[in-house]
Structure formats: C-alpha cells, structure tokens
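So the structure is just underneath, and the comments pick up after that.
Chain A is the first sequence line, chain B the second, and so forth, proteins listed ahead of strands; every chain is numbered from 1. Owing to the predicted nature of the structure, the values given are computational and were not obtained by experimental measurement. Basis for what follows: all heavy atoms, side chains included, without hydrogens, waters or symmetry-related copies.
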2 protein chains.
Amino acid sequence: MRVRLEDVARATGVSPKTVSRVLNEEPSVKEATRQKVLAAMESMNYRPSPAARGLAGSRSFLVAMLYDNNDNPASTYLAEIQDGVLDSCEAHRYSMMVCPLRMRGKDFVRRVDALVTDHHIDGVVLTPPLTDNRKLLARLQEHGVAYACISPVRHKDVVGVFMDEQKAASDLVTHLVGLGHRCIAHVVGIADHGASRWRQAGYKAALTAAGLAIDPQYIVQGGFTFGSGVVAARQLFTLKRRPTAIFAANDDMAAGVMWTANEIGLKVPRDLSVCGFDDTPMATQLWPSLTTVRQPSREMGRLAAQQLLLQLRGRGDARLVQIPYELQLRASTAAVPD
Amino acid sequence: MRVRLEDVARATGVSPKTVSRVLNEEPSVKEATRQKVLAAMESMNYRPSPAARGLAGSRSFLVAMLYDNNDNPASTYLAEIQDGVLDSCEAHRYSMMVCPLRMRGKDFVRRVDALVTDHHIDGVVLTPPLTDNRKLLARLQEHGVAYACISPVRHKDVVGVFMDEQKAASDLVTHLVGLGHRCIAHVVGIADHGASRWRQAGYKAALTAAGLAIDPQYIVQGGFTFGSGVVAARQLFTLKRRPTAIFAANDDMAAGVMWTANEIGLKVPRDLSVCGFDDTPMATQLWPSLTTVRQPSREMGRLAAQQLLLQLRGRGDARLVQIPYELQLRASTAAVPD
DNA sequence: AGCAAAAATGACAGCGCTGTCAAATTTCGA
DNA sequence: TCGAAATTTGACAGCGCTGTCATTTTTGCT
C-alpha cells in the first residue's frame with residue numbers, strides 16, 4: 001500500500017537508517033549514496049509519514065501559528081499572515097496548524113502546554129499581542145519550542161520580523177503637517193499593543209518636530225475596531241476646535257472615522273483629512289480611498305516563518321528582519337483650505 | 001516525562017488496551033471501569049499522543065479545511081469559516097489543518113493525494129468552488145476520506161451546510177422592486193460558482209415575478225472582487241438607460257459599484273440603490289451602509305465541521321443542513337424618486 | 001445450580017520511523 | 001605500505017498507541 005522508508009532502502013540496497021539520513025539531510029552520507037536514495041525516493045514517490053517521524057524522532061515538522069482571538073475576530077491581517085506562514089512552511093515541507101488563543105482567561109497558558117505537548121510542535125509563529133506575553137514566552141522556552149515574532153515590542157534576542165512603525169507614523173503625520181494641518185488628532189489602538197505605542201509615539205514625534213503642541217484632547221482611545229473609530233470620531237467632532245485631520249492607528253478605525261464624518265455631513269478630504277495604518281484591502285475600497293501606511297502582512301508572515309525554520313533546521317543565524325514601510329498617499333488627505 | 005496511556009493503565013489497575021478503549025469511547029467497557037479510567041486520566045492530566053494514535057490506528061483525528069486560493073486571496077469569508085471549523089474541531093478534540101489548493105494547474109489533485117496520504121487525514125471540509133470539483137470528490141472517495149461541503153451546488157448524497165441563496169437573492173431584488181425600481185442591474189460573480197448561478201437565478205426570478213423584462217444589458221459579468229465591481233459599474237453607467245438599482249452578487253463587488261458611483265458623482269442611494277450579498281464586516285462600514293443578505297460564514301463552518309465529525313465518529317446521520325438567510329436592509333437602498 | 005452466549009478485559013505484535021551505538025569502510029600521513 | 005583517525009553505514013530497540021484475537025468474567029435462561 002504505502003511506500004515506506006524500508007521499501008526505498010530495499011530498492012536502493014542500503015539500510016533504512018541510511019535512507020533516514022538522506023531524508024533528514026544529515027551530513028555523513030556519501031554523495032553517491034545520497035543521489036541513489038534521492039532518485040529512488042523520487043521514482044517511488046516516497047512520502048515520509050509525519051506520524052511516524054513525530055513518534056520516533058525528536059522533531060514533528062509541525063509549526064503552529066498562534067494568535068489572540070479575543071481582539072482579533074477573523075481579520076484580514078491574520079488571514080494574510082497565515083497565508084505567508086503557510087508559504088514558508090510548504091517550501092520546507094513543514095506543516096502548519098492555526099491556534100487561536102484567548103489571552104484572557106486563566107487556562108491561556110495551559111492551552112499552549114496542551115498544544116505543544118499534544119502535537120510535539122517544533123516551533124510557533126507569534127502574532128501581536130502574543131509576541132510580548134512574558135508568561136507565554138517563558139512557557140515556550142521551558143518546552144524548548146522555538147518561536148518567531150511578528151512585530152514584537154521587545155527586540156532583544158528575538159527572531160522574526162518588524163517594521164519601523166514609529167517612523168512610519170511620524171512620516172504620515174509629517175505629511176499631514178506638510179499639507180497645512182495644525183489640528184491633528186490621533187485615535188489610539190488597544191492600549192498594550194506595541195502597534196498602538198509606536199504609532200502614537202510617531203504621531204507625537206512628528207508634531208513636536210513640527211513645533212506643534214501636543215493637545216491631550218486630540219488623543220482619544222480606540223480599540224482597533226471600526227466601531228471604536230466611530231466612537232472616537234464622535235468625541236473628536238464635539239470639540240470646540242475640531243481637528244482638520246485625524247490619524248487613526250489602523251485602517252479599521254480610520255474607516256470608522258470616515259463613516260462618522262459622512263454621518264454628520266463632513267466631506268473627506270475637503271472638511272477633514274483622514275489617514276490610517278496597515279493598508280488593508282479596505283483602504284483602496286473606501287471612498288475616498290484612504291491614505292495609510294502599507295504593512296505587507298503576508299510577506300511578514302512569510303519572513304517570520306522563514307526565520308523560524310532557519311532556526312529549526314539549524315541553518316545558520318535566524319534574526320529579527322526589518323521590513324521597509326511605504327506610505328500610501330491617497331485621496332482621503334488633502335491640503336487644509338483657507 | 002510525558003504521561004502515557006500505560007501510566008494511566010497502571011494507576012487504574014487495568015490493561016493499556018482497556019484505557020485505549022475508554023479513550024476511544026468504545027462500547028464494551030463496564031461503566032465502573034470507564035469512570036475509574038476517566039478519573040485517572042483527568043487527575044494525571046493525560047493527553048494522548050496524536051502521532052502515536054495516527055501511527056498505530058486507522059484514524060488520525062485530523063481534519064483539513066480545503067480552499068481554492070486562486071480566487072480567494074485571504075478573504076474574510078474564509079477566515080470566518082475557518083474559525084467555525086476550528087470551533088467544532090476543538091469541541092471534539094480533533095485537530096485542523098488549513099490547506100490552500102490551487103484549483104488551476106495539473107498537480108491540483110496530486111496535492112490532495114499528498115495531503116491525505118501524508119497526514120492520514122480523516123476528513124475534509126470543502127469550501128466553494130472545491131465543493132463541486134468532480135475529480136477532487138472522486139479522489140477523496142478513493143482515499144476513503146470523508147468530506148463535508150459548504151454551499152455545494154449538487155445536494156445529492158452530500159453532507160454539509162447550505163443556504164437558499166436563490167430565494168434570498170430573489171427576496172432582495174423583490175425588495176428593490178417594492179421600492180419602485182424598474183431598471184435593476186445585476187453584477188454576476190465568477191461564472192462556475194454555485195453562488196453566482198443561484199444569485200443570478202434569484203435576480204431573474206424576482207424580475208419575472210414582478211412582470212419585469214430581463215434585459216441582458218443589465219446583466220454584467222464580474223469576478224467577486226472589488227475591482228470587478230468597479231469595471232462592471234463603469235459599464236453599466238455608460239448605458240443610455242442607466243439602472244436605478246444594482247444588485248451585485250457579493251459585497252465586495254457592491255463596494256466597487258458604490259465606489260464607482262462616487263467617482264462619477266452619483267449619490268447612493270438617492271441616484272442609485274446598491275445591494276450586495278454576504279454581509280461581510282465591510283457592509284456596515286461602507287457609507288452608506290450596504291443592504292445585503294446575511295450569510296453567517298462562521299456558523300456555516302461550524303455546522304459543516306459538525307456534520308463531518310458526526311460522520312467520522314459514526315454518531316448517527318450526518319446530513320446537509322439548511323441554514324436560514326436574513327435580509328439586511330440598510331442605507332444603500334431607497335425608493336426611486338420621481 | 002449449571003451451561004451457553006454475551007460482555008468485558010488482556011496479551012502481544014507492530015504501525016513507520018529515528019536514536020544509539022557498534023561495525024565496516026575510507027582516508028591520510030609517516 | 002601500514003595503522004590510526006575519520007568517515008560512512010548498519011543493527012536494533014523502541015517511540016505511544018491500536019488491531020487482532022484469545023481469555024476471563026458476567027449474564028440470562030432452564
């Protein structure tokens with residue numbers, strides 16, 4: 001029925017162990033032998049049994065993508081990252097599991113234990129805000145499970161991928177300033193997310209650099225959701241000196257801001273400039289199309305997984321890769337008229 | 001280190017095989033024994049090794065969610081279904097893998113072979129348009145892999161979940177007629193998708209029922225993407241008798257239509273009513289919010305997986321579940337003024 | 001009470017691979 | 001040319017569980 005390693009061994013005239021060595025790319029196999037075995041594997045269409053490898057060996061060739069689905073119900077962001085991770089996994093014949101975790105709740109870390117123990121996971125890709133959960137990281141280390149992070153807050157001794165979000169946010173706000181805006185508000189994301197911190201810091205840095213004061217009234221809390229953008233915008237619109245531009249910490253909230261602007265009859269960008277962050281598909285689908293910062297989620301997923309696999313396969317130095325950002329200046333921002 | 005089945009057996013004073021029986025919910029175990037074993041498992045925090053179970057037994061407790069990622073790059077629709085499938089899997093201690101498949105290309109079916117053979121997959125959840133790929137279904141049957149379908153075209157001998165999309169579309173268009181619209185256009189989805197066929201059929205049925213003629217000019221081809229909605233709308237807007245309402249076969253295309261309306265200065269819903277289908281998150285985030293049909297993707301994923309597991313666990317009759325639709329009448333549709 | 005049938009349990013091999021360690025082969029310097 | 005070291009290969013056990021089949025215990029009936 002199934003072609004087993006033993007079959008390949010017999011066909012090649014070597015021992016099963018040698019075939020195993022070839023399969024696992026172990027060093028001490030004579031080149032001629034390796035070629036013979038490889039050829040036999042190919043022609044017999046041999047495919048190793050993950051179950052057997054996992055059971056017998058110390059590796060499972062399984063990686064998991066972990067995410068917090070308290071704050072992230074089925075977002076495009078995660079779907080794209082997942083696609084990227086999958087890409088890298090397939091390239092190296094690893095399999096991927098997706099594991100939503102509810103970061104709130106006591107059994108959160110135990111879920112990880114279960115996962116890791118059950119499936120013998122070799123490594124995980126962590127998405128924010130899991131990337132900086134101390135307990136989680138500690139637990140993974142205890143289990144000897146490697147991990148790569150996407151946009152982690154702490155960069156020390158971490159492998160993965162990140163973007164200079166603060167600089168990007170700063171550039172974006174500087175662009176608003178360049179358009180003549182002086183009253184620029186900011187809708188903050190979920191408090192303890194790195195993304196919120198960096199984007200807010202960038203906002204402040206740009207204002208300061210432009211010699212503008214930072215008005216606490218112009219900084220309102222949001223939660224990365226469309227709805228929270230609506231709430232924040234309503235609050236901002238009641239201010240006596242209404243902002244002429246609003247920088248929302250992500251596209252969803254920016255969409256909420258634009259929606260609210262429409263609701264009260266403000267015309268974007270004539271009466272109000274709006275910009276977001278992430279460049280989700282929605283950004284180009286809104287009217288007017290949204291000025292934002294491109295964050296290539298899929299590529300980030302791919303790179304993070306790539307670094308993780310580098311580590312797992314003992315192939316040289318995995319590192320924290322920086323990925324460039326890109327401003328997307330579109331129709332939702334314009335010069336302030338006077 | 002790890003708690004094994006044997007450890008539980010020793011602690012309980014029974015043979016490993018009996019513990020195995022309890023684990024697999026086999027019938028012939030005395031209730032008292034079962035309870036003892038269950039208690040021991042619990043207190044020892046025993047978790048079976050999926051690798052060992054897969055290797056030794058005939059089941060892997062693994063299901064895969066298959067989708068075609070040629071036409072579906074990282075959509076919310078799939079992400080939600082995935083969430084739902086995951087829900088059901090976890091409820092029954094099954095694991096899930098996600099498997100993008102490129103339906104174009106020769107090795108498409110071989111990818112499935114690989115998947116199934118490699119991981120010994122017990123069953124798969126199929127999403128459109130995979131649900132009706134004859135070759136795929138045949139191959140799965142050959143492999144003895146059970147499957148459940150989400151919105152399959154053919155309903156005969158199929159397990160899974162579906163909605164009466166034709167009726168829903170018809171209701172929606174009837175609603176437009178009720179608002180006084182007589183020139184109602186339709187943007188069709190990808191040609192061979194069931195969704196496209198049903199929605200178009202519903203459109204036609206509603207017009208016919210209302211005694212309105214079906215004008216081929218008012219039916220334009222789209223591809224389920226925002227961009228294709230834009231293209232379709234531009235085409236419709238050049239017509240001498242411009243439609244007063246456009247029913248797009250999904251929300252993405254409806255968003256494209258609305259975007260294009262904005263582009264040429266048409267005000268929705270004053271100058272044009274627009275409606276979509278699916279009720280993606282975007283529907284409420286557009287301005288004006290989109291009239292559409294609610295399709296509970298997550299619930300559908302959950303139900304499909306549930307039926308699949310019913311089948312896998314030999315628990316009675318899995319079937320094709322019908323799920324009710326729900327019209328979401330929002331701000332993008334209004335009475336035609338005269 | 002006694003026996004056949006049914007129910008419950010156990011012994012044992014083996015799923016397909018890898019880790020350990022020993023054996024065979026090759027390489028290389030003197 | 002020979003021996004020690006390095007390289008390459010192989011034998012074998014066992015990972016944690018389940019399938020098969022044998023054995024023991026219980027049940028139901030006369």
Side-chain angles (χ1 to χ4, degrees), chain A residues 1-38 40-41 44-62 93 95 116-122 312-314, chain B residues 1-38 40-41 44-62 93 95 117-120 122 312-314:
Chain A
M1 181 66 203
R2 172 181 199 119
V3 182
R4 290 154 310 152
L5 187 140
E6 191 194 335
D7 302 322
V8 176
R10 198 159 18 226
T12 327
V14 299
S15 76
K17 180 65 218 191
T18 297
V19 178
S20 170
R21 288 196 176 93
V22 173
L23 184 62
N24 292 289
E25 303 180 336
E26 286 172 28
S28 60
V29 179
K30 218 196 310 179
E31 187 53 28
T33 313
R34 169 192 306 284
Q35 292 306 336
K36 259 196 314 185
V37 172
L38 247 22
M41 281 179 170
M44 301 174 78
N45 193 26
Y46 169 71
R47 331 204 88 251
S49 151
R53 295 229 272 178
L55 185 56
S58 51
R59 295 176 301 169
S60 64
F61 300 92
L62 247 186
R93 292 178 158 276
S95 299
V116 168
T117 319
D118 284 7
H119 291 281
H120 226 284
I121 299 273
D122 287 341
L312 290 180
R313 315 198 316 143
Chain B
M1 180 67 202
R2 173 182 198 118
V3 182
R4 290 155 311 151
L5 186 139
E6 192 195 335
D7 301 323
V8 177
R10 200 161 15 229
T12 327
V14 299
S15 75
K17 181 65 218 191
T18 297
V19 179
S20 169
R21 289 195 176 92
V22 173
L23 184 62
N24 292 289
E25 303 181 335
E26 286 173 30
S28 60
V29 178
K30 219 199 305 182
E31 188 53 27
T33 313
R34 168 191 308 285
Q35 291 306 336
K36 257 196 313 184
V37 172
L38 248 21
M41 282 180 170
M44 300 174 79
N45 194 26
Y46 168 71
R47 332 204 88 248
S49 152
R53 295 228 274 177
L55 185 58
S58 52
R59 294 176 301 168
S60 64
F61 301 92
L62 247 185
R93 292 180 159 272
S95 299
T117 319
D118 284 7
H119 291 280
H120 227 286
D122 287 340
L312 290 180
R313 315 196 318 143

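- At a threshold of 4.5 Å between non-hydrogen side-chain atoms, the residues A/Val22 and A/Leu38 count as touching.
- Among the protein residues, B/Ser28 comes within range of the nucleic acid bases, having at least one heavy atom under 4.0 Å from a base atom.
- Side-chain nitrogen and oxygen atoms of A/Thr33 include at least one within less than 4.0 Å of the OP1 or OP2 phosphate oxygen of D/dT9.
- Tested against B/Val37, the residues B/Val29, B/Val14, B/Leu23 include a single side-chain contact (heavy atoms from CB on, under 4.5 Å) partner, B/Val14.
- Side-chain contact between A/Leu5 and A/Ser20 is present, with at least one heavy-atom pair separated by less than 4.5 Å.
- For the pair B/Ser58 and B/Asp122, the tightest heavy-atom approach, listed with the atom from each and the gap, is O-OD1, 4.2 Å.
- Among residues two or more places apart in sequence or in another chain, the salt bridge (Lys or Arg N to Asp or Glu O under 4.0 Å) test is passed with B/Asp7 by B/Arg4, B/Arg10.
- Protein atom CZ of A/Arg34 is 12 Å distant from nucleotide atom C1' of D/dT8, rounded to whole Å.
- Using a cutoff of 4.0 Å between basic side-chain nitrogens and carboxylate oxygens, B/Asp118 and A/Arg47 are scored as salt-bridged.
- Atom OG1 of B/Thr18 sits about 9.5 Å away from atom NZ of B/Lys36, to the nearest 0.5 Å.
- If you measure from atom CZ of A/Arg10 to atom C1' of D/dG10, you get 15 Å, rounded to the nearest angstrom.
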Collect all protein-nucleotide pairs involving nucleotides 25-27 of chain D in which both atoms are nitrogen or oxygen and the distance is under 3.5 Å.
none

Worksheet item: Which parts of nucleotides 11-23 of chain C does protein reach within less than 4.0 Å, heavy atoms only, written one letter per nucleotide 5' to 3' as B for base, S for sugar-phosphate only and - for none?
Response: B--BBBBSBB---
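- For the atom pair OG1 of B/Thr12 and CZ of B/Arg34, the computed distance is 13.0 Å after rounding to the nearest 0.5 Å.
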